[in-house]
A.B. asks: 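I have a structure here, written as structure tokens, and I will follow up with some questions on it.
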Amino acid sequence: MRYDALVIGSGIGGMESALKLADMGYQVLVVEKEASVGGKMILLSKVFPTLDCASCISTPKMAATVHHPNITVLTHAEVTGIRRDGADRFQARILAKPRFVDTAACTGCRQCEMSCTVAVPDQFNADMVARRAAYIAFPQAVPKKAIIERAGTSPCTGECPAGIKAHGYVALVRAGRPEQAFNLVLEATPLVGSLGRACYAPCEGTCTRGELEGSVPIRRLKRFVADAHYATGQPPSVPVAESTGRRVAVVGSGPAGLTAAWQLALRGHQVKVFESAPRPGGMLRLGIPAYRLPNAVVDDDIANLTALGVEIATNTRIDNLAALRAGGFDAVLLAAGTHAPGRLRVPGEDLPGAVSALAFLRSAKLGRATTAAVAAPADVVAGTAPDGQTTMTDGVDVCGQRVAVIGGGNVAIDTARTALRLGAAEVHLVSLESREQMPAHDWEVTEALAEGIVAHPGWGVRRCRGAERVTGVALRRCTAVLDATGRFAPQFDDTDTIDLPCEVVIAAVGMAADTADFAASLPTNRNGTIAVDPGTLQTRLGYVFAAGDVVTGPSMITEAVGQGRRAAFMIDRWLSGHELDPVAFDDRLPVVDRQAVLSRQADHSRRGPLPPPAVPGHAPDDFAELEPPIAPQEVRSATARCLDCGVCSECHECVSACPADAIDLGMRAEEIDAEIGTVVLSTGFRLFAADAKPQYGYGRFANVITGMQMDRLLAPTRPYHTVLRPSDGKVPDRIAYVLCTGSRDQTVGNPLCSKICCMYSIKQNQLIMGTLPLADVAVHYIDVRTVGKGYDEFFEQAKGMGAEFVKGRVAHIDETDEGNLVLTYEDIDHGGGLATAEYDLVVLAVGVQPNPEVAALFGGLDLGLDEHYYVEEVNEDLDPGRTTIPGVYVAGAASGARDIPESILHAGAAVTQAAAHLERQRQPQRSAQQERTRVPA
Amino acid sequence: MSATTRDVREIIRDEQVMRAPILAALADGPLTIPDLATAIGHPTREVVFWVMGMRKYGHLTELKGADDEGYFRYQAVERREPA
Ligand SMILES: Cc1cc2nc3c(=O)[nH]c(=O)nc-3n(C[C@H](O)[C@H](O)[C@H](O)COP(=O)(O)OP(=O)(O)OC[C@H]3O[C@@H](n4cnc5c(N)ncnc54)[C@H](O)[C@@H]3O)c2cc1C
Ligand code: SF4
Ligand code: SF4
Ligand code: SF4
């Protein structure tokens, strides 16, 4: 792109510069970092000394700038670098940041803002009131288009292998919309209730709140929304695409298969799930004990899927994928999990009384969970265990027996606790690892021990004793579990042995993919898992994809859900002839930095995390669910702890609310290169940070505010409905001004007069006395500077209206118990001694400060700054606007404190020079001659 | 003392959870900010943020005229849908 002029910043100086250049016929590019043009002026109440309404005079200029045929405006964009291009032209690089809203479609209706679940301080109202993550900058914004503030993906959402918008549903629950939270999880998977109970919740491990008093209980909030929805008995309300006429077979009904089936059905494909077990659900239904995941919850989750018309054929083992294809399925997903139990590989492990944990748990969960006997029916157990391993799964009865569970992982704990609930007389947990090294979650081990399970850490099984059936296990001391490289290679001390008498041995020593049936047609890995392209999950067969534990090996539910989602995404693309692009699948922004999140606040109050569920102190005798639901009053405090790390929570409420379909959370930043003839810097000033004068209490005392905040309180688009005290909403009676806050003050490094604060304070005095006729206004000043046409008369007018002017510096401000403010000041007019006065609102007339970042834009070119860090003008008096870089000009308050009329005048001077520079480019010969006759500065 | 030690960002974030208790407190009629603060057990300074945020997004509105002590009363409204 090629422009004559680049104007950086669109305050009054920038707009004026752009309009003048454009009126002269030049093509102008305006780059503004905020979401609207207008700068600070549009935020003011009225302007001195005319008391014209600031927005009434700004908005026509803003509209003219944006609609001028010779001006292109990029808002929410930043110039990231400018370099010279030839003798007198420039190359600029601009970062157009994503608005996440299609501005062509957006009508500015604010529905997104009204529905948004995240409240943040409104910077356009000087942080005095909330705005939303989705917002329109202010009512007169130009362009009047919504924008969404996204700092990145929240850590919880970024960590979720299933791609569930964790932050989104936390924010929805916080906003009192559990049903919408349920629907948000449904966007990923139908297994809302199961994940709400049995997910290992990696999100919580990374939650930024964990850096404070503990993670947000993200998983239990998911359970809360699932319970709330299922209590209504309503089917899921999700949009389903029109039928595509394509058929997909899903082999296996665990989390991977069910999620894939759900996603494919949502996309309009006809899906049939084949499951070898008598019940669908995979490990949810066959492995995870009911005290952690009741069957009814799994059934409710699966009902979501069947409500979409997905068929599930149970008791149907698939061993021939080609037959499925021949039977009319266009694609097949293999999601068969890992159901081959690991073996102890010791003598006696095939004796009656020895069983695998998978078979034991499965039997317990398939209907016999509440009875004491677990002599598993042959049809259930023997039918699924792979050939050659059936002896491990013969039925056993643990009731009244001594049981040894071998293993130290979560499955071993589930097994031991299940055995206890089935009436075992004793349950022993034998693990190679020490208590600290056991792979099971620490809290699960703690709970198991509290229930009466006896741990034997640091022992390995040498053999199962017994002749006809198991009578015990012989153990030897395990001296090391891993070798030096971290590989599993247990070492034993054969001189240190014990015997553990028992009638039942249950081996929970791993599980593997059972893919022998498919090995002939599909390549598998050494551990039996299916070999796939990791990005697309496609197998060598093309029409066959695989997902879940059968690909990854034993993993966790949420990982399998994520794989199921990915597989469905890829299958859908494959069916519709699209490229299988792994990048297109995950559109999450980079995860925000947790420290950056924490540093958004000066401090964080600590809020008690949810107490962990009480550890039962006795052996339970039934499978009642252990973890209680989160109580309604806990829901509020739990969700209030979320820090809104990514700012936007990705709750998708705006997406649903927008009537113009304008929200696009997939938008990304764009880099734009522009060739430029001249640059006008109109980046304005910054306001003095009032907390740098701590003796005035700004930030500590609610009723100490800045001049900008008072201008907002007086503006028609104000944060409150009138001028009120921020501490309690009271109409103030006595208001004080402290002039020169941060100006003419060596203690803060600023000896300069800011020029505008006397005048804006006098303006505000008059407006306050108009708005609150009963209020008293006192101005503490060093001297009042009213240099300008009509300014002194304006000052006299304020005095005439009753404003009191008190000469002398304010030493410090203290707060009373009622939130009033006591000023201690020098009273020059009455002898110069110290005096005090009490007010109920204090306005600090903060001054202006330079914005020196602009110098960093010019790599290799030296943009001079003056001794106060404003952009240096080479000759301020004779040549205003010319900087140290030929072809670069400065307009308005970027080069020093200026009020509005002065900024407009200065912009005029700067653009005249910029135009001359452009003309010299057009007429090189004339330019050379002019340079020769130019008076040196 | 009215001043709060909580960070403004944190107070404002809480508007989402405080909306329900505030609307519940207003169910019996309009209240001033100090009365609301007593009713929900939070500092007036924080209630100002929540009331003004809720006012901006159409959940409540002020009644005309302040009382003798200089406080306005706020009442819940059926939320107007944005134009
Ligand atoms: C005891 C136990 C407790 C666990 N607890 C947790 C937990 O609390 N949290 C967690 O995150 N993870 C847990 N896990 C891990 C989690 O269950 C798995 O990661 C997850 O279930 C894997 O999902 P999947 O869909 O890949 O496989 P699976 O859930 O195993 O589902 C595969 C399904 O396919 C069926 N099938 C197999 N072969 C065929 C065939 N040829 N034809 C038709 N059907 C077939 C199987 O019967 C099964 O129903 C636990 C695992 C176990 C064993
Ligand atoms: S709801 Fe849509 S059209 Fe309305 S302001 Fe938001 S993005 Fe624009
Ligand atoms: S996704 Fe949710 S949080 Fe984000 S802008 Fe939209 S409504 Fe607000
Ligand atoms: S604080 Fe909230 S957004 Fe941040 S990680 Fe935790 S739950 Fe997610």
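Since we're looking at a predicted model, the values are computed, not measured. The analysis underlying the following values was restricted to heavy atoms, covering all of them including side chains, and did not include hydrogens, waters or symmetry mates. Letters A, B, ... are given to chains in the order of the sequence lines, protein chains preceding strands, and every chain is numbered from 1.
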A.B. asks: Check whether any side-chain heavy atom of R6(B) lies under 4.5 Å from a side-chain heavy atom of H604(A), and answer yes or no.
C.D. replies: no
A.B. asks: Which heavy-atom pair separates G53(B) from V129(A) by the least distance, and what is that distance?
C.D. replies: N-CG2, 3.8 Å
A.B. asks: Using heavy-atom distances under 4.5 Å, tell me whether V635(A) contacts chain B through its side chain, its backbone, both, or neither.
C.D. replies: neither
A.B. asks: With a 3.5 Å cut-off and no angle check, do the side chains of Q16(B) and R177(A) form a donor-acceptor pair?
C.D. replies: no
A.B. asks: Regarding R55(B) and the six-membered ring of Y720(A), is the cationic atom NZ or CZ under 6.0 Å from the ring centre and inside 45° of its axis?
C.D. replies: no
A.B. asks: Which value, rounded to the nearest 0.5 Å, describes the distance between D14(B) atom CG and S605(A) atom OG?
C.D. replies: 7.5 Å
A.B. asks: What is the minimum heavy-atom distance between D603(A) and D7(B), and which atoms define it?
C.D. replies: O-CB, 3.5 Å
A.B. asks: Please look at V17(B) and chain A and tell me whether the side chain, the backbone, both or neither of the residue comes under 4.5 angstrom of a heavy atom of that chain.
C.D. replies: both
A.B. asks: Atom CG in N125(A), atom CE in M52(B): separation rounded to 0.5 Å?
C.D. replies: 12.0 Å
A.B. asks: Output the option from A175(A), P726(A), P719(A) having the highest count of non-hydrogen pairs under 4.5 Å with chain B.
C.D. replies: P726(A)
A.B. asks: How long is the straight-line distance from NE2 of H721(A) back to OH of Y74(B), given to the nearest 0.5 Å?
C.D. replies: 2.5 Å
A.B. asks: In Å and rounded to the nearest 0.5 Å, what is the CG to CD distance from D728(A) to E46(B)?
C.D. replies: 13.5 Å
A.B. asks: Sort by residue number and list every member of residues 29-39 of chain B having a non-hydrogen atom under 4.5 Å from chain A.
C.D. replies: I33(B), P34(B)
A.B. asks: Let me know if C112(A) has heavy atoms under 4.5 Å from chain B in its side chain, its backbone, both or neither.
C.D. replies: neither
A.B. asks: Answer with side chain, backbone, both or neither: which region of T722(A) has an atom nearer than 4.5 Å to a non-hydrogen atom of chain B?
C.D. replies: side chain
A.B. asks: According to the salt bridge (charged side-chain N to carboxylate O under 4.0 Å, His left out) rule, which pairs have a member within residues 16-28 of chain B, sequence neighbours left out?
C.D. replies: E15(B)-R19(B)
A.B. asks: Which one wins on heavy-atom pair count under 4.5 Å against chain B: L774(A), D644(A), T639(A)?
C.D. replies: D644(A)
A.B. asks: Before you tell me yes or no, could you show the steps for Y71(B) and V731(A) under side chain to side chain contact (heavy atoms under 4.5 Å, CB included), namely the whole-Å CA-CA distance, both residues' side-chain angles and the distance that decides it to 0.1 Å?
C.D. replies: CA-CA 6 Å; Y71(B) 293 103; V731(A) 176; over 6 Å; no
A.B. asks: Is a salt bridge present between D122(A) and K56(B), judged by a nitrogen-to-oxygen distance below 4.0 Å?
C.D. replies: yes
A.B. asks: Quick one: ring pair (Phe, Tyr, Trp, His ring centres under 6.0 Å) pairs with a partner in residues 111-132 of chain A, sequence neighbours left out?
C.D. replies: F124(A)-F138(A)
A.B. asks: Using every non-hydrogen atom in the two residues, find where D127(A) and F49(B) come nearest and quote the distance to one decimal.
C.D. replies: O-CE2, 3.5 Å
A.B. asks: Is it true that D67(B) and K730(A) make a salt bridge, defined as a side-chain N closer than 4.0 Å to a carboxylate O?
C.D. replies: no
A.B. asks: In the structure I gave you, are the side-chain heavy atoms of Q601(A) and R13(B) within less than 4.5 Å of one another anywhere?
C.D. replies: yes
A.B. asks: Could you list the residues that satisfy side chain to side chain contact (heavy atoms under 4.5 Å, CB included) with P21(B), not counting sequence neighbours?
C.D. replies: R636(A), M18(B), I40(B)
A.B. asks: Can you name the closest pair of heavy atoms from V120(A) and I12(B) and give their distance?
C.D. replies: C-CG2, 3.5 Å
A.B. asks: Can you confirm whether Q633(A) is buried at CD, in the sense that more than 12 heavy atoms of other residues, nucleotides or ligands lie under 6.0 Å from that atom?
C.D. replies: yes
A.B. asks: When only pairs under 4.5 Å are counted, which of G729(A), G697(A), P121(A) shares the most heavy-atom pairs with chain B?
C.D. replies: P121(A)
